[in-house]
Amino acid sequence: MRRWRPVGPASEWTAMEERVLERWREGDVFRESVAMRRGGEPYVFYEGPPTANGRPGSHHVLSRVFKDIFPRFHTMRGRVVERKAGWDCHGLPVELEVERQLGISGKPGIEAYGIAEFNRRCRESVGEYLEEWERLTERIGFWVDTSEAYRTMDTDYVESVWWGLATLFEKGRVYESDKVVPYCPRCGTALSSHEVALGYQDVVDPSIYVTLPLLPGQSTGEGLSLLVWTTTPWTLPANQAAAISPGTEYAVVVHGEERLVMAEALVPAVMGEGAVVERVIPAADLAGLEYEPPFDLIPGRHVVVMSGFVTTDDGTGIVHIAPAFGEDDMRVARDHGLDAPNPVDREGRFTAAVPLVEGVFVKDADSVLMGDLEARGRVFRSVPYAHSYPHCWRCSTPLLYYAKPSWYVRTTDVRDRMLDLNAGVGWHPGHVREGRFGKWLEGNVDWAISRERYWGTPLPFWRCDDCSEVTAIASFAALRACALVDVPADLDPHRPWVDTIPVRCGCGGTAHRVPEVADVWFDSGAMPFAQHHYPFEGSDDLAGRFPADFVCEALDQTRGWFYSLLAEGTLLFDEAPYRNVVCLGLILDGEGQKMSKSKGNVVEPWTVIDHAGADAFRWYLFTAQSPWESFRFSLDVVDETRRRFLFTLWNTYVFLVTYAALPDGWSPGDPAPPPEERPAMDRWALSRLDATVEQVTARLADYDPTAAGRALEELVDDLSNWYVRTSRRRFWRGDDPAGTAAAFATLHECLTTISLLLAPFCPFVADEMWGNLVAVHDDTAPPSVHLADWPDPGSRRDQDLEQAMVAAMEATTLGRAARKNAKLKVRQPLLEAVIACPPATARMLHGLSGIVAEELNVREIRFVTDAGGLVEVTLKPNYRTLGPRMGTAMPAMAAAVADLDATATVRALDAGESVTVTVQGRDEVLRDDDILREVRPSEGYAVAEGGPLAVGLSTHVTHELEMEGLARDLVRAIQNARRAADLNVADRIVVHLDGSGRVREAIDAHRQWIAGEVLATDLTVGHGVPFAALHREDGEVDAEPVAISLSRA
RNA sequence: GGGCGAUUAGCUCAGGUGGUUAGAGCGCAUCCCUGAUAAGGAUGAGGUCCCAGGUUCGAGUCCUGGAUCGCCCA
């Protein structure tokens, strides 16, 4: 009883995938695949949480399928791979979305609206696209447990983050400092360096050269003005000092009435070549001089100081110092005991300290301030300046560098340790370790973890109203223990609720929570422990859950999640949080442009899935190129991938099932000869199969799905275009039952093993094939390929056979080229093909000559191994073997080889003798390996050659051969008629033919053969059809008219 | 301004440790096959391997410099 399920055409691919998906749902296959490995060694995967308040795009498909393939692979190899989904819930993107919905903007708007209600809406907004995310996740076959996903806003999660922050605080790794930070005045918050990195834009800012006249009555500098250059004129009112570079010579340049001071080296750049330098002053003589500030509004020392950070690369070599608005400026101010006055409020507007522009946003104040300076004759020159300036990555507001208190984690303390740990991480590509990520770590600065925002993990720090002492609270229990009010059992640990809970300070005073929330990157970096509510629940260690064996995200996460994970892993556990990292590239459109909604070039994942299916989408992403390069992505490239690989595979599978399902077909378990007794073609296929298993396993174990996938592509191509092509007849000829059984068993095993190898890549088609190739026939087999074990490579490699087959393929290609040259179609049988090649090749090919003969449609294959006669030989030195031996004498050797008598040399080598040549007075013995031969047909043969092989065909078509060719043509015509009549491949027919004398002669000569080929039980010839024809057609065969009638037998 | 990566056929991409005539797919042209058929195959045209130096008997491959593009940092 055959149990094969009928198979549909490849064009119904997406319907097939939907059916498989349904089977997974019904059988709960994902859960089962994990559960059945319980007790095995864990393989730890961390899901980097996406934010679900936007639609998932094609780039999310990229990361999600890479997150899928390795867990699937390791599951099949016996590891337990828990896959907990996660969602990043907090942060500015969410707040911005809610602000947009509410039509409010900025912090005052939010506070007027009410933090409680605002945060409630943020919580809702987070889940808005959750359903679409889950639907896409399922449809692309990303197996991850979304039912128990961690969410960074969950109470348990927040408590774990509190634990982390409080632990760092207790270790003395957290501090608060007034520091200049990149600050977004619209969002009202400082940005972390990795956020700043997201928002550089090329802009044109005003840049001005301003004069700072030195005050009269000082030792040096009477009548001189310092020249400073700035691209942020709005910082000039806050000027406190002018910094110069120690050890640099400063020039006094005459400019009209004025005498300007600037670094001597920069005079030509600033003043032009003709500038007159009056004299030169060493930096030391300028230090300490006082000058007239650009605006006499804010008190200060207005003094010249020396600082190492000043360069003479650009500007004037004198730097305007506004301590509140620059990191270097602040350091200079600290070093020299200067104040850091700040005339700009939190919204980025000038305060009453600068009446001229009070209430004006700083960037808008530039022109007014410059106009005022100009009017006072203090501007030397002003030119627009194009540079890259950081903007808020969410709202595009230009960032201000701005002094304000912030909370920091002292990551610089563990910088070297992070570098150590990073050295042991398996990065893919490897250059990220020392390159992009390593360089980033080397330049590490303390991590600013506080944000003055609303929707985030509140910092668990309480500051005493009386003694200012800060208490860090590591758990809700600890909070309850020292709270001065009742803490509800269902505490929402978000603002504003936690802000209403004062606690008792050690000094007896009352402490209130500091207003800031945590950087969302701290949330995601905490996921290794927070997703398990560590250390509050379950085991108090993370054994089997930390570190991860594998994480995977886009390359831009080097500064984001990859960093926050490593920083927290190092600080809290002194261990790298991941062993292997796979980086992914960007998804660009087909023209290499970044996809963006405004350009309208976004390829939606659903478009790809609906048209080409998830397997094709996945296969493209895995195999198109190295995953960390940018993808030039379009529907077309996925479609091409699908046709090239998936359809080829599917056609091969359909071929097997079609013939196996016939009544006289075959089922798994039917007896078949053992592999070693099967024909060469089968042994070759199994050898290739074993080689591929080995390769795919090794490449996947090394996180290289691209090479693994390409090995599979080659195998499928070999099977389809060589094995099936040459073995086709064995699948339906009844005269060799052992050969038929061997063919079925071989192809079945290949496809079954391929379904296993393919399972992590294309889980749908792999399972579909497994179901029909294995599961339906064997009730004890795993019902899904994803519950099966990864195959072990067999021991049937036969490299000699593989090599011989390559030669056979080459001979076939050449034979076909020869036919084309001679204009002899393949259907016309010929007497013989002559293969000219070295004896070793001939020995190798001998066992395969039947295959070559059949492919070339010739009766005989004859080998010619002697040079001369059929072919001429030319000799070339083998540089690969001779080069290292000869060194600089190599050109002389090449000349010596060219001088050899080719025919005699080849004869000697073929006889096993060596050949000696004299090169630069030394005798060199040449072996067979050292000489490469090229054969070329001699005159008179229509042949084709390639390297050491040449194939010639006897072109004489005898009458007998002609009749045989005609018979073949008739078979083809009848087969076409069968197709036109819509018959099944196994239907028996009766045929009646009518045609010319030549046609009749061909039929008479080959009647039995023709009937056999077309499954005819009766074949008649002549006028008048002796049965009621199901189908009839008139046509031509080899220019002869032929009428074909046929009917079912 | 600095770091990292890329640049190979019209397009998309392969090309361990340097070694014969640099490959594949798509597209194009010309054919073939027809018991996988809304498939399949063959042949052909198409290359200054970004440029310039260098190392070497020999460089797409290694070194130096430059150009262009991308990402990251300042």
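What you see is a predicted model, and the numbers here were worked out from it, not measured in a lab. So you know, we letter chains A, B, ... as the sequences are listed, proteins then strands, and number each from 1. Just so it is clear, the values below take in all heavy atoms, side chains as well, and ignore hydrogens, waters and symmetry mates.
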**Student:** Thinking salt bridges, do A:R885 and A:D930 make one under a 4.0 Å N-O criterion?
**Tutor:**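 The answer is yes: the pair qualifies as a salt bridge.
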
**Student:** Are A:M418 and A:N444 side-chain neighbours, meaning at least one heavy-atom pair lies under 4.5 Å?
**Tutor:**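 Yes, close enough: below the 4.5 Å cut-off.
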
**Student:** Any base atoms under 4.0 Å from A:V724, or only sugar-phosphate, or nothing? Heavy atoms, all strands.
**Tutor:**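 Result for A:V724 = base.
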
**Student:** At under 4.0 Å between heavy atoms, what does A:L555 touch on the DNA or RNA strands: base, sugar-phosphate, or nothing?
**Tutor:**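 Nothing, no nucleic acid heavy atom in range.
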
**Student:** Check whether the side chain of A:S630 and the base of B:A6 form a donor-acceptor pair under 3.5 Å.
**Tutor:**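 Looking at the base of B:A6, it does not pair with any donor or acceptor on the side chain of A:S630 (distance under 3.5 Å).
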
**Student:** For B:U12, does OP1 or OP2 lie under 4.0 Å from any side-chain N or O of A:R632?
**Tutor:**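 Result: yes.
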
**Student:** Look at all strands and tell whether A:R436 reaches a base, only sugar-phosphate, or nothing, counting heavy atoms closer than 4.0 Å.
**Tutor:**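 The answer is base, as A:R436 lies within the cut-off (heavy atoms under 4.0 Å) of a base atom.
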
**Student:** Contact class for A:T706 (heavy atom, under 4.0 Å): base, sugar-phosphate, or nothing?
**Tutor:**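 Answer is nothing: A:T706 stays at 4.0 Å or more from every strand.
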
**Student:** Using the six-membered ring for Trp and the full ring for Phe, Tyr or His, decide whether A:W628 stacks on the six-membered base ring of B:G5 (centres under 5.5 Å, planes under 30°).
**Tutor:**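 Here A:W628 fails the 5.5 Å or the 30° condition.
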
**Student:** Rounded to whole Å, how long is the line connecting atom CZ of A:R559 with atom P of B:G3?
**Tutor:**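 Atom CZ in A:R559 sits about 13 Å away from atom P in B:G3.
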
**Student:** Where do A:M890 and A:P877 come nearest, in terms of heavy atoms and distance?
**Tutor:**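 In terms of heavy atoms, the two residues are closest at CE-CB, 4.0 Å.
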
**Student:** Taking any heavy-atom pair under 4.0 Å as a contact, classify A:T641: base, sugar-phosphate, or nothing.
**Tutor:**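 Contact class for A:T641: none.
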
**Student:** Atom CD of A:E640 and atom C1' of B:C11: how far apart are they, to the nearest Å?
**Tutor:**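 One finds 9 Å between C1' of B:C11 and CD of A:E640, rounded.
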
**Student:** Touch check for A:R978, heavy atoms < 4.0 angstrom, all strands: base, sugar-phosphate only, or nothing?
**Tutor:**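 Nothing, no heavy atom under 4.0 Å.
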
**Student:** Does A:K876 place a side-chain N or O at less than 4.0 Å from the phosphate oxygens OP1/OP2 of B:U21?
**Tutor:**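 For B:U21, OP1/OP2 do have a side-chain N/O of A:K876 under 4.0 Å.
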
**Student:** Touch check for A:Y659, heavy atoms < 4.0 angstrom, all strands: base, sugar-phosphate only, or nothing?
**Tutor:**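 Base contact.
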
**Student:** Just wondering, do A:H431 and A:R436 contact through their side chains at under 4.5 Å, heavy atoms?
**Tutor:**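 They are not in contact (no side-chain heavy atoms under 4.5 Å apart), so the answer is no.
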
**Student:** Between B:C11 and B:C32, how far is it from one C1' atom to the other, in whole Å?
**Tutor:**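 Rounded to whole Å, the distance is 27 Å.
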
**Student:** Checking all strands, does A:L656 fall into the base, sugar-phosphate, or nothing category for heavy-atom contacts under 4.0 angstrom?
**Tutor:**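 Here A:L656 touches no strand at all.
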
**Student:** When you check the phosphate oxygens OP1 and OP2 of B:U34, does a side-chain N or O of A:N976 lie under 4.0 Å from one of them?
**Tutor:**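 A:N976 to B:U34 OP1/OP2: no side-chain N or O under 4.0 Å.
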
**Student:** For B:A67, which nucleotide in any strand shown is its Watson-Crick or wobble partner with both distances under 3.5 Å?
**Tutor:**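 Partner of B:A67: B:U7.
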
**Student:** Which part of the nucleic acid, if any, lies within contact of A:E434, taking any heavy atom under 4.0 Å across all strands shown: a base, the sugar-phosphate backbone alone, or nothing?
**Tutor:**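 Here A:E434 touches no strand at all.
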
**Student:** Who does B:U61 pair with, Watson-Crick or G-U, both distances under 3.5 Å?
**Tutor:**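 Matched B:U61 with nothing under the 3.5 Å cut-off.
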
**Student:** Within the pair A:Q625 and B:C13, is there a side-chain N or O less than 4.0 Å away from OP1 or OP2?
**Tutor:**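 So the side-chain polar atoms of A:Q625 do come within 4.0 Å of the phosphate oxygens OP1 or OP2 of B:C13, strictly under.
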
**Student:** Can you name the closest pair of heavy atoms from A:E855 and A:T726 and give their distance?
**Tutor:**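 Closest heavy-atom pair between A:E855 and A:T726: OE2-CG2, 3.6 Å.
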
**Student:** Using side-chain contact (heavy atoms from CB on, under 4.5 Å), reason through A:W722 and A:T812 one step at a time and then give a plain yes or no.
**Tutor:** CA-CA 11 Å; A:W722 190 248; A:T812 306; 3.5 Å; yes

**Student:** In the structure shown, which nucleotide is the Watson-Crick or G-U wobble counterpart of B:A42, with both distances under 3.5 Å?
**Tutor:**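 B:A42 is paired, partner B:U30.
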
**Student:** Between A:R643 (CZ) and B:A36 (C1'), how many Å, whole number?
**Tutor:**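 Roughly 17 Å, once rounded to whole Å.
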
**Student:** Can you tell me the distance, in whole Å, between the CZ atom of A:R880 and the C1' atom of B:U56?
**Tutor:**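 Interatomic distance, CZ of A:R880 to C1' of B:U56: 17 Å.
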
**Student:** In the structure shown, which nucleotide is the Watson-Crick or G-U wobble counterpart of B:U55, with both distances under 3.5 Å?
**Tutor:**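 Base-paired to nothing in any strand shown.
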
**Student:** Can you tell me if A:R725 touches the phosphate of B:A36, counting only side-chain N or O atoms and a distance under 4.0 Å to OP1 or OP2?
**Tutor:**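 So the side chain of A:R725 is outside the cut-off, no N or O lying under 4.0 Å from OP1 or OP2 of B:A36.
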
**Student:** If pairing requires Watson-Crick or G-U wobble contacts with both distances under 3.5 Å, which nucleotide is the partner of B:G35?
**Tutor:**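 The answer is none; no pair meets the criterion.
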
**Student:** Considering Watson-Crick and G-U wobble pairs with both distances under 3.5 Å, what does B:U12 pair with?
**Tutor:**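 Paired with B:A24.
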
**Student:** Looking across every strand, which nucleic acid part, if any, lies under 4.0 Å from A:P9 by heavy atom: base, sugar-phosphate, or nothing?
**Tutor:**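 If one applies the 4.0 Å heavy-atom cut-off, A:P9 turns out to touch nothing in the nucleic acid.
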
**Student:** My understanding is that a pair needs two contacts under 3.5 Å, Watson-Crick or G-U wobble. By that rule, which nucleotide pairs with B:U48?
**Tutor:**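 Check on B:U48: unpaired, no WC or wobble geometry under 3.5 Å.
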
**Student:** Round to a whole Å and report the spacing from CG of A:L856 to C1' of B:G41.
**Tutor:**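 Computing the A:L856:CG to B:G41:C1' distance gives 13 Å.
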
**Student:** Could you measure between the two P atoms, the one in B:U17 and the one in B:G53, and give it in whole Å?
**Tutor:**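 Their P atoms lie roughly 25 Å apart.
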
**Student:** Please classify the nucleic acid contact of A:A624 as base, sugar-phosphate, or nothing, using heavy-atom distances under 4.0 Å.
**Tutor:**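 Sugar-phosphate, backbone atoms only, no base.
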
**Student:** Looking at A:F622 versus A:W619, is the centre-to-centre ring distance below 6.0 Å?
**Tutor:**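 No, ring centres 6.0 Å or more apart.
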
